[in-house]
Amino acid sequence: MRTQVGIIGSGPSGLLLSQLLHLHGIESAILERQSREHVEGRIRAGVLEQGTVELLRQAGVHERMEREGIVHEGFSLVFNGRLSRINMHGLTGSSVMVYGQTEVTKDLIAARLSAGGIIEYEAPAVAVEGFLDGQPRIIYEKNGQRHELICDFVAGCDGYHGVARRSVDPGKLQLFEKIYPFGWLGILSDVPPVDEELIYANHERGFALCSMRSHTRSRYYVQCELDDSVDNWSDDAFWDELRRRLPPHVAERVVTGPRLEMSIAPLRSFVAEPMRFGNLFLAGDAAHIVPPTGAKGLNLAASDIFYLSRALVAYYGEKRTDLLDRYSETCLRRVWKAIRFSWWFTSLMHRFGDDPLNHRLQMAELDYLAGSTAARTAMAENYVGLPFETFE
Ligand code: APR
Ligand code: PHB
C-alpha cells in the first residue's frame, strides 16, 4: 500500500490528522492495532478547550458535539469543606465544552469512513523504517501477514505504548518522566451529575472529582492507592468514599446508581524530545502524557495535530518545509506549559502521604486562589487552554 501520510494509531490524534489532511486534498491511511469496537468503547476524559472545539469545527465533526456537548463557564475547588468557584468565563472570556473523548473518537471515525478514508483495524504496526534517509515505510501485520505502507511522512499517533517512538534511536531521544504515588479510581454511571459544573475536591482522605458526560451520565473519581484494584470496590463502597470526600451539602445531593464502567488509571507526567526525526513526527500521547487533573491529554493531542496538519498542508501546497522544521519546537513550547499546569494542579489537590507541611502549603495556596483574582485568572487561563501559535 502507498499513501502520502502514513498514520499509526486511530485515537483522536491520528483520526483528526487524517480528517484535516483529507479536507486539504492530502491522502493518508491509518493503521490501528485494536478493533473499531475497542477504540470506540474506551472511556477517556471529557473536557474540550475552545481551541480543540474550533479545530473539530474546522474538521467538520462539530454537529453532534454542538448538539450534545455542554458549555461550562466555571468549575469549583473544594478544600477545608468550603467551595470556591473559578469563573473561567468571567476571568478569561473563554469557556470549555464537556463532551466525551469517546464521542469525539466516534464522530471522527464516522467522518473518515464516510469520506472513504482508509482505517485498517487489527493491523498493528511493528516497525517504522527509512524515515531518516531513504523511503519512509511502516511495517505492519494484518491477518497474520506482514505488509508495508510506503509513504512520504509517518505520523506516530500511537500513544504511550506505540511503536513509533520505539523505532527511534534511543540515543536521539531525551525522556522526562514523573510517576505519581497514587491512581484515580473512576466510575461512569447513568445518574444525573451532582452539580451543573465540575467539582475538584482536596480532602484528607484524598482527591475527588465530580465530572459528567451529559445531564444524565456522571463520571466521578477518587484518588486511590497505586496497587488498588477495581475488584476491591463495590458500587456502594465507591459512592460512600466519594460522599465522604465532599462537603455535606454536596454529598447529600449525589445520586447513586450501578456502574457502566469502573477503572483505575495511574498518573504520570512524560515528555519525549524532540517530536520529529527526519520524516517521522510524533503527536499526542506518543510524545507526552499528563496526569488527568485538568483534562489536558486530548487537548494537547489536538494542538499537536493543529501544528502538524498546517505544516503538511504548507509542504504539499507550497513546497514549504519551514513549518515541518519548526514542528517539534512549536509543539513542545505548548506541551511543557500544559505539563506544568497538570503537575501543579495535581500537586495542589492530592494527598501525598502524611506530610503535614505539604498539606498546609496546599491549604495556603487554595486559600490564596480563593482570595486573589490574579491567582484565579492564572489558573483559569491555563484551564481553558493557552492559545495556539499561528504563523504566516
Ligand atoms: N500499531 C497500530 N496502532 C497502535 C499501535 C501499533 N503498534 N500502538 C498503539 N496503537 C493505537 C492504540 O490502540 C490507540 O488506538 O494507537 C492509538 C493511540 O491512541 P490514544 O492512546 O488515544 O492517543 P492519542 O490519539 O494521542 O490521544 C491522546 O487520548 O489516550 C488519550 O489520554 C490521552 O486524552 C489523550 C488522548
Ligand atoms: C472526566 O470527565 O473524565 C474528567 C474531567 C476533568 C478532568 C479529568 C477527567 O480534569
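Atoms within a ligand are numbered from 1 in the order they appear, just like the ligands themselves.
- The aromatic rings of Phe345 and Phe75 sit tilted relative to each other, their planes meeting at an angle between 30° and 60°.
- Aromatic pair Trp343/Tyr180: centroids not less than 6.0 angstrom apart.
- Remark: the Thr52 side chain and the Gln50 side chain contain no N/O donor-acceptor pair separated by less than 3.5 Å.
- Heavy atoms of Ala45 stay at 4.0 angstrom or farther from ligand 1.
- Here is the list of ligand 1 atoms found below 4.0 Å of a heavy atom in Gly297: 34 (O), 35 (C).
- Side-chain contact, Tyr99 with Ser214: no donor N or O sits under 3.5 Å from an acceptor N or O.
- Across the listed options Gln34, Arg33, Glu32, Glu32 owns the non-hydrogen atom lying nearest to atom 15 (O) of ligand 1.
- Of the candidates His161, Glu122, Arg44, Glu120, it is Arg44 that places a heavy atom closest to atom 21 (O) of ligand 1.
- For the residue pair Arg334 / Ser303, a side-chain donor-acceptor distance below 3.5 Å is found, with atom types taken as modelled.
- Cation-pi geometry between Lys142 and Tyr121 is not satisfied (NZ or CZ under 6.0 Å from the ring centre, within 45° of the ring normal).
- Judged by a 6.0 Å distance limit and a 45° cone about the ring axis, Arg165 is positioned over the six-membered ring of Tyr160.
- Ring centers of Phe153 and Tyr315: under 6.0 Å apart, within the cut-off.
- Using modelled atom types, one finds a donor on one side chain and an acceptor on the other under 3.5 Å when comparing Asp228 with Trp233.
- For ligand 1, one of its N or O atoms has an N or O atom of Leu298 under 3.5 Å away.
- The proximity of Leu31 to ligand 1, defined as any non-hydrogen pair under 4.0 Å, is limited to the backbone.
- Nearest residue to atom 24 (P) of ligand 1 from Gly11, Gly284, Ser13 is Ser13 (criterion: closest heavy atom).
- Side-chain contact, Tyr327 with Asp322: no donor N or O sits under 3.5 Å from an acceptor N or O.
- Less than 4.0 angstrom separates some heavy atom of Gly162 from each of these atoms of ligand 1: 8 (N).
- Looking at His288 and Asp304, their side chains do bring a donor and an acceptor atom within 3.5 Å of each other.
- Distances from atom 28 (C) of ligand 1 to the heavy atoms of Ile30, Ile138, Val39, Asp285 show the closest one on Asp285.
- Applying the 4.0 Å criterion to heavy atoms of Asp158 picks out, from ligand 1, the atoms 4 (C), 5 (C), 8 (N), 9 (C), 10 (N), 16 (O), 18 (C).
- Summary of contacts: the protein heavy atom closest to atom 18 (C) of ligand 1 is Cys157 O, 3.4 Å.
- When only non-hydrogen protein atoms are considered, atom 36 (C) of ligand 1 lies nearest to Gln101 NE2, 3.6 Å.
- Looking at Ser10, Ser35, Pro12 and measuring to atom 27 (O) of ligand 1, the nearest heavy atom belongs to Pro12.
- Aromatic ring centroids of Phe182 and Phe352 lie under 6.0 Å apart.
- Not a single heavy atom of His38 sits less than 4.0 Å from an atom of ligand 1.
- At a heavy-atom distance under 4.0 Å, no atom of Pro292 approaches ligand 1.
- Judged by distance alone, the side chains of Ser18 and Ser28 do bring a donor and an acceptor atom under 3.5 Å apart.
- Protein residues having at least one heavy atom under 4.0 Å from any atom of ligand 2 are Ala45, Gly46, Val47, Trp184, Leu198, Tyr200, Leu209, Ser211, Arg213, Arg219, Tyr221, Pro292, Thr293, Gly294, Ala295, listed by chain and number.
- In summary, the atoms of ligand 1 found under 4.0 Å from a heavy atom of Ala125, numbered by their order in the structure, are 1 (N), 2 (C), 6 (C), 7 (N).
- More than 12 heavy atoms of other shown residues, nucleotides or ligands fall within 6.0 angstrom of atom CG in Asp169.
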